[in-house]
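Since the structure comes first, as structure tokens, the remarks are kept for the end.
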Protein chains: 4
Amino acid sequence: MPKVSEEYKERKRELLLESALQCFSEKGYYATTIDDIAAYSKTSKGFIYNYFNSKEELYIALMEERTSRTFTALRERFATIEGATGKIKELFRMYREAKVGLQWQGLIRVHMEFWIHSARHENLRDIMVSRYKYQYRDFLKEIIEEGKASGEFEAHVDATVIASMFWGIIDGLSLHYSVIGDEYEYRSHFIQAEQMVLLYVGKK
Amino acid sequence: MPKVSEEYKERKRELLLESALQCFSEKGYYATTIDDIAAYSKTSKGFIYNYFNSKEELYIALMEERTSRTFTALRERFATIEGATGKIKELFRMYREAKVGLQWQGLIRVHMEFWIHSARHENLRDIMVSRYKYQYRDFLKEIIEEGKASGEFEAHVDATVIASMFWGIIDGLSLHYSVIGDEYEYRSHFIQAEQMVLLYVGKK
Amino acid sequence: MPKVSEEYKERKRELLLESALQCFSEKGYYATTIDDIAAYSKTSKGFIYNYFNSKEELYIALMEERTSRTFTALRERFATIEGATGKIKELFRMYREAKVGLQWQGLIRVHMEFWIHSARHENLRDIMVSRYKYQYRDFLKEIIEEGKASGEFEAHVDATVIASMFWGIIDGLSLHYSVIGDEYEYRSHFIQAEQMVLLYVGKK
Amino acid sequence: MPKVSEEYKERKRELLLESALQCFSEKGYYATTIDDIAAYSKTSKGFIYNYFNSKEELYIALMEERTSRTFTALRERFATIEGATGKIKELFRMYREAKVGLQWQGLIRVHMEFWIHSARHENLRDIMVSRYKYQYRDFLKEIIEEGKASGEFEAHVDATVIASMFWGIIDGLSLHYSVIGDEYEYRSHFIQAEQMVLLYVGKK
DNA sequence: CATGAATGAGCATTCATTCAT
DNA sequence: AATGAATGAATGCTCATTCAT
């Protein structure tokens, strides 16, 4: 059945990524087996290894796919938003309004799980730290600096640390929500966090 | 009349808990084997199972020990601190000045790891959620309410959510530090977080 | 009328055989995968299966090709050599002067490996035993008998056993060299083996 | 069932070694699975890993056990044999009279298989080469030198090469026998090899 | 013809837990 | 009480072979 179109392969790849997403989200990174993903995608173990060399690689691909998609959408949306404050608000809005639920909780958990997993493996950690610094932190840092330049934010705030702290807060609240579940007043937390952050960086 | 004294058992229990702490911190929850702990404590597998019925139970005991010790120490220290603001500051100071390092990173990671693990198991999650609500959150909630009562803090802040958010921030920053490692400006993050939180809850 | 000429097929077959030789020599019979050979020959798995029905068959074809070529060359060369002693010497000379090295070691190993492999499979073994008897042993047996007839060799030696023993010696020394590697005094061993054999069969 | 006697453990170890011997001999090194050995020994996979850390290690232990036993017996027997010639003859006699048969053939094959296997793995090869040089070769080298000293053998023969060649011959003939099987005139080959070797090293 | 996608049996190794001694 | 021997389910990954395109 060979010499299949690029488009076909892309479709299959997506199928695997989507299946992996479901499985990882449901059972976590460690507990998900390649067989689970094969079963879910109604393909086979070997099939998966045609696309990804290891479970780890599969997870990384999944993560990168999602991150890249997220940031692309983010930049697009931000292009139409005037001012740093507006952008920060939009960012919070996105998290606040996220389609939370079981699947979302699972995704946060597996994300954190892998993040921790990576801390214990040299190579992986380098990848994750780079992503953190150059994708997440710098993305926000630019916005903070924009705010400082425009006079929206206090001039003396340390953009790098603020940016980093922002993600720390997001991850902390998300993690708690992912474990506590529906009892966690997810929206309230994010609303207050937003006010808190904006008050802190804003001109007094 | 038991063959071994209660005191002996307590000592052994501590030994196991301490050993488990070292092992978990170093290799993580999943990667640590009962054999590791037996070897570290120079006892045996069977011995460990005399004190704890499973790896999971051992971890929980360890966590409870540490939490209870932490909160006891905390309450003690707080008894001498006037005012809610001072208490919050002290709390931040404790985190900020924590003897960070490899072991500390390992502890945070295993803590988060288990926290995530628990989310996937009904019974465990109930335990963890209770701990979260009645130990962590309520502890802080009382302080916030003290601050509101004394007029240090804005009267309209939602003590429950603020308390919860506080721990979310702590965990978020800690988690990031535990993965990023020494490149992470740990103290800076906590200093800014403190300012941010206090600014937010304080009287304008 | 076939789409591709016989000559084309023959060329491709040679390509595959040559590629297989390289791969087997480098990694051994078991460790070499069909994919390796496809990659080396810049063809494809399916292509290879068009020419050979299995990895085993491919190896056999390779072996036969090489043996037949070897013996053809040998007979040619021997046609010009007077006397059995000269022929034996020439045979030793060939082994002694062989372009030894990593590749040569690899070839010997895979040869032995397959030889052993064949011993465990009825059909294969029959093939290998026939080859042994009718190609290798008989080839030398004729020379020994020539030597007996001409009076160069002792009349009472058992040509069959001597011939067989000769190959045993060659294989034994080769195998040792293939494992020991460059520390093995390859030439010395073959020189002494030659003296020993000739002394043994020669007239006293 | 713990704290079992050393003797018990030794017995179990022997059981595993014996079982491994049977399985390896029958199916070869690669084809034998740990499950095969567990089934044969009526124990379990985990049990085997209590005694040996890997299939490779198990094989090596087996090999060392056998070698050490062989050489011990050999040295014992040789203590009572006057003269180098007598010792060489005894060595040949032992091989010649070995209880050949299917099992013996299997053992030779797996021995050669592993020998070749080792050539492809740095660490393993070092072990095997050492064994070759310091156990096998040197053992015989001493005998040859004894023969030279006593005047039984020609003074100019190179003891090291002769010793090495001797084992090459033994292995070559054994290998051939192990593949050819009962059609191979095993005893005849060894008889002639003996005559050949003794004629070569002996005084003219 | 040629390709390479798809399959899935196969295997070494790990480890929490049990329980005989 | 304490030990550690014994178990066996579980899992990531490989690869010869097939066959649809």
Side-chain angles (χ1 to χ4, degrees), chain A residues 1-5 8-9 12 30-39 41-58, chain B residues 2-5 8-9 12 30-39 42-58, chain C residues 2-5 8-9 12 30-39 42-58, chain D residues 1-5 8-9 12 30-39 41-58:
Chain A
M1 182 195 324
K3 216 46 182 177
V4 108
S5 69
Y8 170 93
K9 285 181 76 164
K12 287 301 185 185
Y30 294 116
T32 294
T33 69
I34 296 290
D35 269 319
D36 287 333
I37 301 172
S41 62
K42 293 183 195 310
T43 62
S44 67
K45 261 209 271 267
F47 185 81
I48 294 172
Y49 280 90
N50 270 15
Y51 287 79
F52 307 98
N53 294 315
S54 68
K55 185 175 161 180
E56 195 171 281
E57 196 177 280
L58 171 53
Chain B
K3 292 243 186 58
V4 300
S5 69
Y8 168 90
K9 286 183 73 167
K12 286 300 186 187
Y30 295 113
T32 294
T33 69
I34 297 290
D35 268 317
D36 288 333
I37 300 171
K42 295 183 195 306
T43 62
S44 68
K45 270 208 273 254
F47 187 82
I48 294 172
Y49 277 90
N50 267 19
Y51 288 78
F52 308 99
N53 293 314
S54 68
K55 185 176 162 180
E56 198 171 274
E57 196 176 280
L58 171 54
Chain C
K3 292 241 186 61
V4 301
S5 68
Y8 169 90
K9 288 183 73 167
K12 286 301 184 187
Y30 294 115
T32 295
T33 69
I34 297 291
D35 268 318
D36 288 333
I37 300 171
K42 296 182 195 306
T43 62
S44 68
K45 270 209 271 255
F47 188 81
I48 294 171
Y49 277 89
N50 267 20
Y51 288 78
F52 308 99
N53 293 314
S54 69
K55 186 175 161 181
E56 197 169 277
E57 195 175 282
L58 170 54
Chain D
M1 180 194 323
K3 218 46 185 179
V4 108
S5 69
Y8 170 92
K9 286 180 76 165
K12 287 300 186 186
Y30 294 116
T32 294
T33 69
I34 295 291
D35 269 318
D36 287 334
I37 300 172
S41 62
K42 293 185 197 305
T43 63
S44 66
K45 263 207 269 266
F47 184 83
I48 294 171
Y49 279 90
N50 269 16
Y51 288 79
F52 306 98
N53 293 315
S54 67
K55 184 176 161 181
E56 195 171 281
E57 196 176 280
L58 171 53

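Proteins get letters first, then strands, A, B, ... in listed order; numbering begins at 1 in each.
Nearest to the side chain of Tyr8(C), among dG12(F), dA2(E), dA16(E), sits dA2(E). Ranking dG12(F), dA5(F), dA6(E) by closeness to the Asn50(A) side chain, first place goes to dA6(E). Among the nucleotides dA2(E), dT7(E), dG12(F), the one closest to any side-chain atom of Phe47(A) is dT7(E). In this structure, of dA6(E), dA16(E), dT7(F), it is dT7(F) that holds the atom nearest to the side chain of Ser44(D).
Thr32(C) comes within 4.0 angstrom of sugar-phosphate atoms only, judged by non-hydrogen atoms across all strands, and of no base.
How far OG1 of Thr43(D) is from NZ of Lys12(D): 7.5 Å, rounded to the nearest 0.5 Å. Atoms CG and NZ, on Asp36(D) and Lys45(D) in that order, are 10.0 Å from each other to the nearest 0.5 Å.
If you check residues 51-58 of chain A against DNA chain E, the residues with a heavy atom closer than 4.0 Å are Tyr51(A), listed by number.
Whole-Å rounding puts the Asp35(D) CG to dG8(F) C1' distance at 10 Å. Distance Ile34(D) CD1 to dC11(E) C1': 9 Å, rounded to the nearest Å. At whole-Å resolution of the value, CD1 in Ile37(A) and P in dG12(F) are 8 Å apart. One can place CG of Asp36(A) at 8 Å from P of dT11(F), the figure rounded to the nearest angstrom.
Closest approach of Ile48(B) and Ile37(B) over heavy atoms only: CD1-CG2, 3.8 Å. Listed here is the closest heavy atom pair of Tyr51(C) and Phe47(C): CD1-O, 3.2 Å. When all heavy atoms of Ser44(B) and Ala38(B) are compared, the pair lying nearest together is C-CB, 3.7 Å.
Between Thr33(B) and Lys42(C), the residue whose closest nucleotide on DNA chain E is further toward the 5' end is Lys42(C). For the pair Lys9(A) and Ala31(D), both in contact range of DNA chain E, the more 5′-proximal nearest nucleotide belongs to Lys9(A). Checking Gly46(D) against Tyr49(C), the closest nucleotide of DNA chain F that is more toward the 5' end is the one next to Gly46(D). With DNA chain F read from its 5' end, the first of the two nearest nucleotides for Lys12(D) and Tyr30(A) is the one closest to Lys12(D).
For Lys45(D) and dT14(E), a side-chain-to-base donor-acceptor distance below 3.5 Å is absent, hydrogens and geometry of angles not being considered.
With Lys55(C) contributing its side chain and Thr32(C) its backbone, the two residues share a donor-acceptor pair below 3.5 Å.
Under the Watson-Crick and G-U wobble criteria, each requiring two contacts below 3.5 Å, nucleotide dA20(F) is paired to dT3(E).
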